[in-house]
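All heavy atoms count here, side chains included; hydrogens, waters and symmetry mates do not. Just so you know, ligand 1 is whichever comes first in the structure, and atom 1 is the first atom listed for that ligand.
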Amino acid sequence: MSDWEKSGQIASEALDFGKNLIKEGKNALEVLNKIEKKINELGGKPAFPAQISINETAAHCIPEKNVVFKEGDLVKLDVGAHVNGCIGDNAVSINFGDHDKLIKASRDALNSAIEIAKIGTELREIGNVVNEVMKSYEFNVIKNLSGHEIKEYETHAGLTVPNYDDGDRTKLKEGQVIAIEPFATTGVGFVKEGKPSGIYSLINPKQVRNDTTRNVLKFILEEYSTLPFAQRWLSKKFSEFQIKFALRMLEKEGIIQEYKQLIEKGNGIVSQSEHTLMIGKNTKILTKR
Ligand code: CO
């Protein structure tokens with residue numbers, strides 16, 4: 001099995017494991033911690049912090065310590081694993097309310113897009129299929145969220161895989177790894193930035209003078225390279241004070257960036273489905289077991 005296949009299988013197993021832990025009354029952050037531990041046990045590493053985004057929050061969310069799942073919620077779980085930098089990325093939506101149709105819309109859109117994703121398919125065709133399925137359900141697709149190409153140690157590399165016909169005639173090529181991730185919403189179909197997420201990534205490593213900051217940067221480079229990491233992961237090595245101080249300084253120097261939570265602009269409820277594929281004569285769904 002290649003590292004791409006391995007990471008896909010680990011991401012898939014960790015997603016299912018996490019999905020089964022998501023129950024009304026359970027603590028969201030504890031679920032994320034267990035998923036990340038599971039990824040390690042399976043022989044991978046998290047490709048980015050596992051994320052749980054609830055209701056109108058579409059993505060990039062690590063819930064605060066006191067958040068529990070409640071009746072009425074639509075919960076999105078997004079999990080990525082890597083093996084030697086090869087990344088599998090997948091997501092699923094879980095229903096604690098009246099959201100069956102909304103969840104089915106993003107899942108159907110994903111499946112329809114996967115069916116046509118092969119050598120020579122234009123990116124805009126994938127977007128068009130996703131959008132048409134959403135329209136048939138009378139929901140909006142979120143236009144400013146998209147799927148993405150994946151390369152070693154790069155979660156978002158090269159191609160953007162649109163969720164509507166954006167006119168991009170770029171054709172898929174053999175061996176490309178892409179994630180397709182439609183988001184369906186009852187809202188207006190756009191996200192805006194919300195609160196800081198506690199998720200960071202390295203964008204421009206360079207020398208820093210301060211000792212603490214230099215040590216934190218060294219740790220980030222060694223442990224996560226260019227992959228996104230969570231603020232809380234640093235606490236296995238550093239104190240809260242050191243972490244806050246160093247992250248602030250690294251951000252100010254333009255060395256790291258923090259992601260913002262992404263919230264549906266019309267406060268609509270959002271569902272998401274995602275798989276990672278390897279394009280070929282027979283395209284393989286890497287995150288399916
Ligand atoms: Co993704």
Distance flag, aromatic centroids of His82 and Phe48, threshold under 6.0 Å: no

Taking CZ in Arg289 as the centre, count heavy atoms belonging to other residues, nucleotides or ligands within less than 6.0 Å. Is the count above 12?
yes

(request) Would you indicate whether Asn282, at its atom CG, is surrounded by more than 12 heavy atoms from other residues, nucleotides or ligands within a distance under 6.0 Å? (result) no

Checking distances from the Co ion (ligand 1), one finds that the N, O or S atom of Glu181 closest to it is OE2

Check: Do any N/O/S atoms of His156 come under 2.8 Å of the Co ion (ligand 1)?
Finding: no

OE2 (Glu274) to the Co ion (ligand 1) to OD2 (Asp89), nearest 10°, is 90°

- Query: Just checking, Lys38 and Phe17: is the charged tip under 6.0 Å from the six-membered ring centre and within 45° of the axis?
  - Reply: yes

